[in-house]
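These notes concern the structure reproduced below.
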Protein chains: 2
Amino acid sequence: MKKEEALLKDHISKHNLKVTKERSAILRAFLDSERHITAEELYRNMREDGSSIGLATIYRTLNLFCESGLAEQRQFGDGQARYELTYNVKHHDHLICEECHRIIEFENQEIEALQEKVAQKNGFKIFSHKLELYGICASCSAKKTAS
Amino acid sequence: MKKEEALLKDHISKHNLKVTKERSAILRAFLDSERHITAEELYRNMREDGSSIGLATIYRTLNLFCESGLAEQRQFGDGQARYELTYNVKHHDHLICEECHRIIEFENQEIEALQEKVAQKNGFKIFSHKLELYGICASCSAKKTAS
DNA sequence: ATAATTTTGCGATTCATTATCATAATCGAT
DNA sequence: ATCGATTATGATAATGAATCGCAAAATTAT
């Protein structure tokens with residue numbers, strides 16, 4: 001059993017929930033899918049593979065993944081929530097190309113440390129943060145100057 | 001005439017738009033209101049003061065403010081867009097208390113510089129960024145440990 | 001003032017997400 | 001394995017924020 005599956009089952013048993021074939025199937029599909037997927041995209045992917053799981057269940061299950069600590073929900077400003085596996089994944093932030101919508105992950109320990117400093121100065125204890133850099137990537141930039 | 005009003009009128013005349021009493025009233029109310037206001041809040045504030053301007057017009061006008069460079073729209077993850085005066089206001093980021101929803105603004109030049117460095121390393125040109133620190137403020141923290 | 005154009009308010013509409021509810025599946029105890 | 005209690009599911013309705021369409025009203029250039 002994969003450790004992601006074990007984590008989910010642990011959360012399920014601790015909260016009097018139930019292991020269902022739908023939840024197992026959605027977890028498998030989620031782990032297989034590209035990062036930063038939306039509920040709709042995951043729904044369509046699974047339908048194409050013959051699944052008959054409903055969209056509401058996808059939403060419910062993705063929320064369950066977030067509650068269990070497997071995943072996190074992100075809002076990149078396009079109106080749809082995106083879900084990302086975060087269990088056993090190093091923390092990182094995002095660079096987003098507004099042209100081709102490519103998402104690059106990065107981590108920067110110096111920035112994290114400075115954030116802590118800012119929080120401390122303001123008497124805050126940080127639980128989470130969101131750092132997103134929006135711009136244009138090298139290849140889109142090249143395409144633009146070419147045209 | 002305030003410089004905010006002048007900026008808006010400049011944008012209006014450059015785009016063959018029209019100065020209306022609604023737009024002027026919304027601008028006045030917006031400048032008077034607390035920062036990070038939602039369209040609904042601004043709508044309710046104005047209604048309470050006897051305005052009969054419709055909600056759709058508030059939305060349209062706040063978008064106009066953003067297009068004119070007066071304001072910016074922000075998403076703090078509670079599902080409603082918030083609007084903030086940014087014209088003639090120094091750039092800053094946000095600390096958000098998840099307990100009392102207080103929003104503190106801060107600026108940190110070191111972090112900004114590091115962001116540029118990250119972008120450069122990845123071949124990106126940054127247009128904008130979003131840095132939000134979510135946590136609990138000192139007074140809420142004190143209340144919690146007291147109870 | 002007139003005509004051309006833009007704006008407004010209202011209600012209808014969209015879109016993502018959640019709630020409802022009847023039926024089905026799961027799980028622990030027998 | 002079966003039963004009973006509880007939770008999960010799928011379909012659809014409902015929600016809430018934001019936008020759209022349209023007829024009527026307001027604005028601007030002439």
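As a basis for the values below, the full set of heavy atoms in this structure was taken, side chains included, without hydrogen atoms, waters or symmetry mates. These numbers were taken from a predicted model, which means no experiment stands behind them. Residue numbers begin at 1 in each chain, while the letters A, B, ... track the order of the sequences.
B/H129 and B/D93 form a side-chain donor-acceptor contact under 3.5 Å, judged by distance and modelled atom types alone. Between B/E41 and B/Y43, the side chains place no donor N or O within less than 3.5 Å of an acceptor N or O (distance only, hydrogens not considered). Side-chain contact of A/R102 with A/S139: a donor-acceptor pair under 3.5 Å is present, judged by distance alone.
Within the 4.0 Å cut-off from OP1 or OP2 of D/dA8, not a single side-chain nitrogen or oxygen of A/R60 is found. Taking side-chain N and O atoms only, B/Y59 has no distance below 4.0 Å to OP1 or OP2 of D/dT19.
Among the protein residues, B/L55 comes within range of no part of the nucleic acid, since none of its heavy atoms lies under 4.0 Å from any strand. A/A39 comes within 4.0 angstrom of nothing in the nucleic acid, heavy atoms only. Across all strands shown, B/T38 has no heavy atoms under 4.0 Å from either base or sugar-phosphate atoms. Across all strands shown, A/D78 has no heavy atoms under 4.0 Å from either base or sugar-phosphate atoms.
Remark: C1' of D/dT7 and CG of A/L64 are 12 Å apart, rounded to the nearest angstrom. In this structure, CD of B/E41 is placed 11 Å from P of D/dA17, rounded to the nearest angstrom. Rounded to whole Å, the distance from CD on A/E67 to C1' on D/dT7 is 14 Å. The distance between atom CD1 of B/I58 and atom C1' of D/dT19, rounded to the nearest whole Å, is 15 Å. Between A/R23 atom CZ and D/dG10 atom P there is a gap of 11 Å when expressed in whole angstrom units.
Ring orientation note: the planes of B/H94 and B/H36 are nearly perpendicular, at an angle over 60° on the 30°/60° scale.
A distance-only check finds a donor-acceptor pair linking the side chain of B/R47 to the backbone of B/I53 [under 3.5 Å]. With B/T61 contributing its side chain and B/I58 its backbone, the two residues share no donor-acceptor pair below 3.5 Å.
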Checklist outcome for this item: Once base and sugar-phosphate atoms are separated, protein heavy atoms under 4.0 Å mark nucleotides 25-30 of chain D, 5' to 3', with B, S and - as -SBS--

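For DNA chain C, the outermost nucleotides in 5' to 3' order that have an atom under 4.0 Å from a heavy atom of chain B are C/dT5 to C/dC10.
Of all heavy-atom pairs spanning A/L8 and A/S68, the tightest one is CD1-OG, 4.1 Å. Between B/H91 and B/E107, the shortest heavy-atom contact is O-CB, 3.7 Å.
Taking CD from A/E98 and CZ from B/F124, the interatomic distance works out to 9.5 Å, rounded to the nearest 0.5 Å.
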